[in-house]
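Quick notes on the structure that follows.
Chain identifiers are assigned alphabetically (A, B, ...) following the order of the sequence lines, protein sequences preceding nucleic acid strands; residue numbering begins at 1 within each chain. None of these values were measured; they are calculated from a predicted model. Scope of the values below: all heavy atoms of this structure, side chains included, with no hydrogens, waters or symmetry mates.
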Amino acid sequence: MSVLEAVVPEPAEPLLRVDGLTVHFNVGRAGFWGQRPLQVHAVDDMSFTIAPGETLGLVGESGSGKTTTGRAILRRVPASGGKIYFQGHDITHVAGAELRLLRRHMQLVFQDPYASLNPRMRVIETVAEPLIVHGLAKSVQDATDRVSHLMNLVGLPADAGDRYPHAFSGGQRQRIGIARALALEPELLIADEPVSALDVSIRAQVVNLMQDLQEELGLTYLFIAHDLSVVRHISHRIAIMYAGKLIEIAGRDAIYEDPKHPYTEALLSAVPVPDPPLQRARSRISYAGEVPNPMQPPAGCRFQSRCPFATAQCLSEEPPLAEKAPAHWAACWHR
Amino acid sequence: MVDAPSDHSVASPDDIGGRPHELFSAARGLGKELWQDKPGFIGLLLLVALVLVAIFAPLIAPHDPAAQSLRERLLPPAWVLDGSWVHPLGTDNLGRDVLSRIMFGARVSLLVGTGVVVVAGGFGVFMGLLAGYFGGRTDSFIMRWVDTQVAFPGLLLALIILAVVGPSMTTVIVVLALNGWMVYARITRGVVLSVREEPYVEAAELVGCKPARVLYRHVLPNLTSPLLTLAILEFARIILAEAALSFLGLGVQPPATSWGLDVATGKEYMFRAWWLVTFPGLAIGIVVLAINLLASWARVTSDPQEREKRFARFMARRQAGAGTREAIAK
């Protein structure tokens, strides 16, 4: 796709290239004889790239398919169509030992720091597990050293290793989760709403930690979130999803200052401004209408049912992702 | 938040493999912890005592358990009128010493009970893990097998096998295990189904753990408490099921005996000689109680959070105790 090369103008090979990714889930069959399979269109024809050292923020409302996109890249859910390239290699269908090897290169930071740590394993065991299963720790001493280095890296006390997860606060647990993800020294970290389960006061700490780590280790992030202020803080570029489609992707400032898609406009107008008079003066754009049924997405634009600018073309033809400004892509017929 | 003190935290078996001195100190730490939990410690003592009695039965039993004496039929226990200390717990309908029979019966009952729980539990848990974790066809196949076997009358299966193979302790264990593994498989599958959706299981898979490791390290520990409970209930049931088989002549062959067999035969004399059912029944009850006490300790110990709570309670009690002692000294 020539479109993709234009999104990232630098000639460097993207770390991750997603090309027409489609994920459909079979949820049953319809019709008298069960002849029609029922499918949820979780992600449809999604294409983007992430350059090494970059943070791509992936934003969308619940059910828009952002988590599924992350899981598909990690090969936790099978892609129904499209290709995923990691460092130039097609990883869409790798399996077995190759897939295990891929785990060393991309890791996940979980949303819920309370459920993502095994309550029966001490912190040192949890963080050392990746090293053990990949045979990377030469001895017990080696593993201990590497774990304490990781703990140091994420700002946990040195004696944390001997304790169990329940002895830690949410923010500390998320640090443990990040340490576990970093144990294999991956290039790509997919963060699935890593701060949405945390107290607001802790969020900044964890986000700053992630930024520091990126600088220190040259990490690349796919940062999935619905908190727009957090995304603005951490991302270099931002992708907006709606009902399983990528509708806009651009640099952070371009998105926030000059959104092209009507949905992005509405989304951004919902972000409160930390200045009460200014906040009162703002008008919130809100569109009536329903999100389309993911089992039967409409023929044209997915946003047609809520869009105030919708025309006959929007109802019948799907708008392609087009370059509206340099490196600013949006899928809308009218902008 | 309670900090685990150093003498309290015991290294997990995984990181002490192959280092005997650490294994030893871990065992000592566990022993110390058990000593602090009095009910659990009593349970262990009772179990050890019963096992010793079973092993050394020929040395400590006052009589030959099979020696009949028709003149001394249905003698009551020693402390009842007409009783004598020659037969401390009385005699049965053939004049056999009840105490000696209980001592010898312990051998069969404990062995069959433990054997069946281990064999049925091991097999059932394994099948349940496979069914729950892999799902799909594996799950359907194993669970339909379980359903079929549950629907089939267990006693009939036991009768067929025992009639063909011939009764012996091994066949009794195998037959009872064949009848009992399904409940373990069902419970295990249920827990696995819910645990495998936990994010930490997904995390383990994403990190690159192979299925065997995920099952063993992340899923199985969650089964400790339901399985311990189930195994204890099953243990008591197995002792009685063995009695039913023995009663039909397909289990333990006389002159050998078991607690269950004694209860079953003593049942007919319930109103004339209560001691025939009471003492073997008490023995079963004591074993089950002892295992329960020990298992409840093991259940808490296997859960780090519960374990630290217990430790905190212990420390609080000890401090309170020290305070009172000081007050009294003053």
Side-chain angles (χ1 to χ4, degrees), chain A residues 70-71 74-76 96-97 99-136 140 143-144 159-160 162-169 172-173 176-177 180-181 183-184 186 190 192 197, chain B residues 1-19 22 26 29 136 191 194-225 298-309 311-312:
Chain A
R71 292 291 200 276
L74 283 163
R75 299 293 324 285
R76 286 288 298 171
L99 184 59
R100 281 192 72 221
L101 220 56
L102 184 67
R103 302 278 179 237
R104 289 197 205 171
H105 298 285
M106 48 169 83
Q107 277 295 322
L108 179 69
V109 176
F110 284 80
Q111 172 175 13
D112 184 353
Y114 292 90
S116 62
L117 300 174
N118 188 337
R120 290 168 193 265
M121 273 167 79
R122 286 180 300 153
V123 171
I124 188 167
E125 297 172 275
T126 300
V127 178
E129 185 158 53
L131 299 169
I132 293 166
V133 296
H134 283 276
L136 295 176
V140 175
T144 320
D159 65 337
D162 286 329
R163 298 193 226 149
Y164 288 92
H166 66 256
F168 294 92
S169 67
Q172 284 175 314
R173 282 171 174 230
I176 298 169
R180 169 176 60 192
L184 294 171
I190 295 181
D192 187 1
Chain B
M1 190 187 96
V2 182
D3 285 345
S6 55
D7 70 325
H8 178 63
S9 62
V10 176
S12 84
D14 206 58
D15 51 31
I16 50 178
R19 283 183 291 166
E22 290 197 19
V191 176
S194 65
V195 171
R196 69 155 303 153
E197 298 300 322
E198 291 278 345
Y200 65 79
V201 172
E202 189 188 4
E205 288 169 342
L206 272 176
V207 138
C209 294
K210 291 178 178 158
R213 187 184 171 92
V214 175
L215 279 174
Y216 179 69
R217 295 276 289 167
H218 298 273
V219 177
L220 201 56
N222 291 292
L223 285 156
T224 325
S225 104
R299 192 179 50 74
V300 171
T301 308
S302 72
D303 184 335
Q305 199 163 356
E306 290 294 316
R307 189 176 175 191
E308 283 180 13
K309 272 190 212 155
F311 185 75

Test side chain to side chain contact (heavy atoms under 4.5 Å, CB included) applied to A:Tyr164 and B:Glu308, step by step: CA-CA 10 Å; A:Tyr164 288 92; B:Glu308 283 180 13; 3.8 Å; yes
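Nearest approach of A:Glu129 to B:Ala204, heavy atoms of both residues: OE1-CB, 4.3 Å. Between A:Ser116 and B:Pro199, the shortest heavy-atom distance links the atoms CA-CB, 3.8 Å. Taking every heavy atom of both residues into account, B:Leu206 and A:Phe110 meet most closely at CD1-CZ, 4.0 Å. The two atoms that bring B:Cys209 and A:Val133 nearest to each other are SG-CG1, 3.7 Å, heavy atoms only.
Ranked by heavy-atom pairs shorter than 4.5 Å toward chain A, the options B:Asn222, B:Val207, B:Asp303 are led by B:Val207. The most heavy-atom pairs under 4.5 Å with chain B, out of A:Arg75, A:Met106, A:Arg71, come from A:Arg71.
We find the CG-CD distance between A:Leu99 and B:Glu205 to be 10.5 Å, quoted to the nearest 0.5 Å. To the nearest 0.5 angstrom, A:Asn118 atom CG is 8.0 Å from B:Arg217 atom CZ. Rounding to the nearest 0.5 Å places CZ of A:Arg120 at 11.5 Å from CZ of B:Arg307.
Contact annotation for A:Leu184: only side-chain heavy atoms (C-beta onward) come within less than 4.5 Å of a heavy atom of chain B. No part of A:Asp112 comes within reach of chain B, as not one of its non-hydrogen atoms sits under 4.5 angstrom from that chain.
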